[in-house]
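First comes the structure, then the notes that go with it.
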Amino acid sequence: MASLRRKPNSKYWIACFMTANGQRAQRSTKTTNRKLALKLAEDYEAAARSRMTETQVRRVLSDLHRMHSGTALASATVRSYFDQWAKAKAGTVAESTRSIYESAARDFCDFLADRADLQLLYVTKADVAAFRDSIAGTRSPVTVNTRLKILRVAFQQAWRDGVIDDNPAAKVPLLKSPHETASRRAFTIPELKTLLAAADGEWKGAVLFGIYTGQRLGDIARLRWDNVDLATNTLAFTSQKTHRRQILPIAPPLRKWLDAHRHSGAPSTPSIFPTLLAQIGDAGRVGTLSNQFHRLMSSVGLVSARSHQKKTDGLGREGRRSQSELSFHSLRHTATSLMKNAGISSAIVQEFVGHDSKEVSQNYTHIELSTLRKAADALPSLT
């Protein structure tokens with residue numbers, strides 16, 4: 001017999017009913033009216049016990065939902081929803097990030113095969129866990145977990161859109177690597193001096209930008225001379241990943257490097273780092289640059305050199321990859337640590353480096369440039 005229940009944190013009634021094979025099923029009614037919810041539960045049960053095709057059941061339920069709530073029952077196949085979700089990311093995230101989202105969605109649909117053309121609501125926790133386990137044999141735990149996190153975001157959006165009642169991916173735990181490496185850390189001062197002594201040309205400038213602005217490698221490689229205003233001693237750019245507009249004061253050691261290289265910024269070379277920029281490509285991927293930086297670090301013994309020998313364990317290059325505790329992104333940690341160690345408040349540091357923070361956005365609507373300049377001037381000189 002059909003009945004109702006309601007979760008403590010939800011205002012909507014949940015319809016409880018029996019299917020034709022005697023199994024108990026539940027579905028949110030999306031209504032706070034108990035009388036209407038009970039009628040909907042009874043209609044659900046009547047439809048569930050009937051010998052109907054999936055299409056017929058969906059049509060009946062949609063009609064019932066429209067009758068009781070005034071709106072059609074939201075529906076979408078796995079393939080159509082994920083395709084639409086990935087395309088909707090265009091313009092809201094960096095193209096390289098959107099490409100990763102699209103790849104994860106495609107991999108999941110390929111794994112489901114014909115079942116990707118079923119309704120999204122039929123995807124279960126077991127489906128997502130099976131997908132996670134299927135790629136765990138050929139991908140690194142970091143990559144597997146990234147794919148799973150992307151699915152969580154997509155299903156969460158589907159839940160907000162009313163297409164599904166819960167997020168099956170949120171119930172699937174991330175992988176734990178048996179060979180898990182240390183997390184990213186900041187460079188020490190001696191390590192930074194060693195790194196700067198080994199770097200030359202554009203790489204020395206890029207490292208200085210990393211230390212004194214805390215920005216990402218891709219954003220630094222894309223910098224142009226028109227991003228730099230030497231008259232006001234500021235750097236203005238928009239982050240490719242977050243689309244956040246940054247206007248930062250230039251720290252004295254970084255200004256010294258810019259003064260020494262600004263003549264290379266003729267109209268024919270608008271880029272500050274033309275060689276680094278050329279290696280990013282249209283897709284905006286910085287993998288080649290990251291590998292070059294790793295070789296720079298390994299040349300002075302800060303990290304171990306990576307082997308490029310063919311793998312023989314069947315996992316491939318990605319499956320054997322482990323995360324080093326030092327990378328170019330560690331300079332982002334470094335800038336944050338240096339400023340905090342200099343007594344700069346967390347709010348100022350987060351604004352300077354460009355970390356999005358709900359707390360900061362609520363309490364600090366604008367931080368004056370003069371305050372940010374104090375943060376820049378507090379950084380130690382390494383040149």
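When a residue number appears, it is its place in the shown sequence, counting from 1.
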R34 NZ/CZ over W13 ring centroid, <6.0 Å and within 45° of normal: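 Judged by the rule (NZ or CZ under 6.0 Å from the ring centre, within 45° of its axis), R34 counts as positioned above W13.
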side-chain contact (heavy atoms from CB on, under 4.5 Å) between I220 and I272, worked out: CA-CA 9 Å; I220 292 173; I272 297 179; over 6 Å; no
Is there a donor-acceptor contact under 3.5 Å from the side chain of [X] to the main chain of [Y]?
{"X": "Q215", "Y": "T213", "answer": "yes"}
{"X": "N145", "Y": "L175", "answer": "yes"}
{"X": "T234", "Y": "L230", "answer": "no"}
{"X": "N233", "Y": "P249", "answer": "no"}
{"X": "Q26", "Y": "F17", "answer": "no"}
{"X": "R147", "Y": "R132", "answer": "no"}
{"X": "S80", "Y": "A76", "answer": "no"}
{"X": "E191", "Y": "L302", "answer": "no"}
{"X": "S330", "Y": "S327", "answer": "yes"}
{"X": "R222", "Y": "G218", "answer": "yes"}

From CA spacing to verdict: side-chain contact (heavy atoms from CB on, under 4.5 Å), F209, L258: CA-CA 10 Å; F209 266 93; L258 287 169; 3.9 Å; yes
Might you point out which heavy atoms bring [X] and [Y] nearest each other, and give the distance in Å?
{"X": "I247", "Y": "A236", "answer": "CG1-CB, 4.2 Å"}
{"X": "A221", "Y": "L289", "answer": "CB-CD1, 4.0 Å"}
{"X": "L379", "Y": "A251", "answer": "CD1-CB, 4.4 Å"}
{"X": "I250", "Y": "R255", "answer": "CG2-N, 3.6 Å"}

Please determine, by modelled atom types, if [X] and [Y] share a side-chain donor-acceptor pair under 3.5 angstrom.
{"X": "Q279", "Y": "T288", "result": "no"}
{"X": "D117", "Y": "T77", "result": "no"}
{"X": "R295", "Y": "Q292", "result": "no"}
{"X": "R216", "Y": "Q240", "result": "no"}
{"X": "R224", "Y": "S271", "result": "no"}
{"X": "S337", "Y": "T334", "result": "no"}

Result of checking R152, K125, Q156, R160 against N167 for side-chain hydrogen bond (donor to acceptor under 3.5 Å, both in side chains):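 Of R152, K125, Q156, R160, side-chain hydrogen bond (donor to acceptor under 3.5 Å, both in side chains) with N167 is met by Q156 alone.
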From CA spacing to verdict: side-chain hydrogen bond (donor to acceptor under 3.5 Å, both in side chains), T143, T146: CA-CA 5 Å; T143 300; T146 297; 5.9 Å; no
Residues S239, R244; criterion side-chain hydrogen bond (donor to acceptor under 3.5 Å, both in side chains); working and verdict: CA-CA 5 Å; S239 170; R244 181 191 182 110; over 6 Å; no
Steps toward side-chain contact (heavy atoms from CB on, under 4.5 Å) verdict (V207, F293): CA-CA 9 Å; V207 171; F293 185 71; 3.8 Å; yes
Under 4.0 Å between a Lys/Arg side-chain N and an Asp/Glu carboxylate O for [X] and [Y]?
{"X": "R24", "Y": "E45", "value": "no"}
{"X": "R115", "Y": "D127", "value": "yes"}
{"X": "R373", "Y": "D377", "value": "no"}
{"X": "D110", "Y": "R106", "value": "no"}

Worked check of salt bridge (Lys or Arg N to Asp or Glu O under 4.0 Å) between R79 and D83: CA-CA 6 Å; R79 197 184 308 278; D83 181 61; over 6 Å; no
Approximate separation, where rounding is to 0.5 Å, of R285 CZ and S290 OG: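 Interatomic distance, R285 CZ to S290 OG, rounded to 0.5 Å: 12.0 Å.
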Ring centres under 6.0 angstrom apart (W225, F273): no
I14 with W159, same ILVMFWY side-chain cluster at under 4.5 Å: no
Any side-chain heavy-atom pair of V153 and Y101 under 4.5 Å: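 No. Closest side-chain heavy atoms not under 4.5 Å.
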Residue that, paired with F155, satisfies ring pair (Phe, Tyr, Trp, His ring centres under 6.0 Å) out of Y81, W85, F82: F82
Within 6.0 Å of CH2 in W257, more than 12 heavy atoms from elsewhere: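 Correct, the count exceeds 12.
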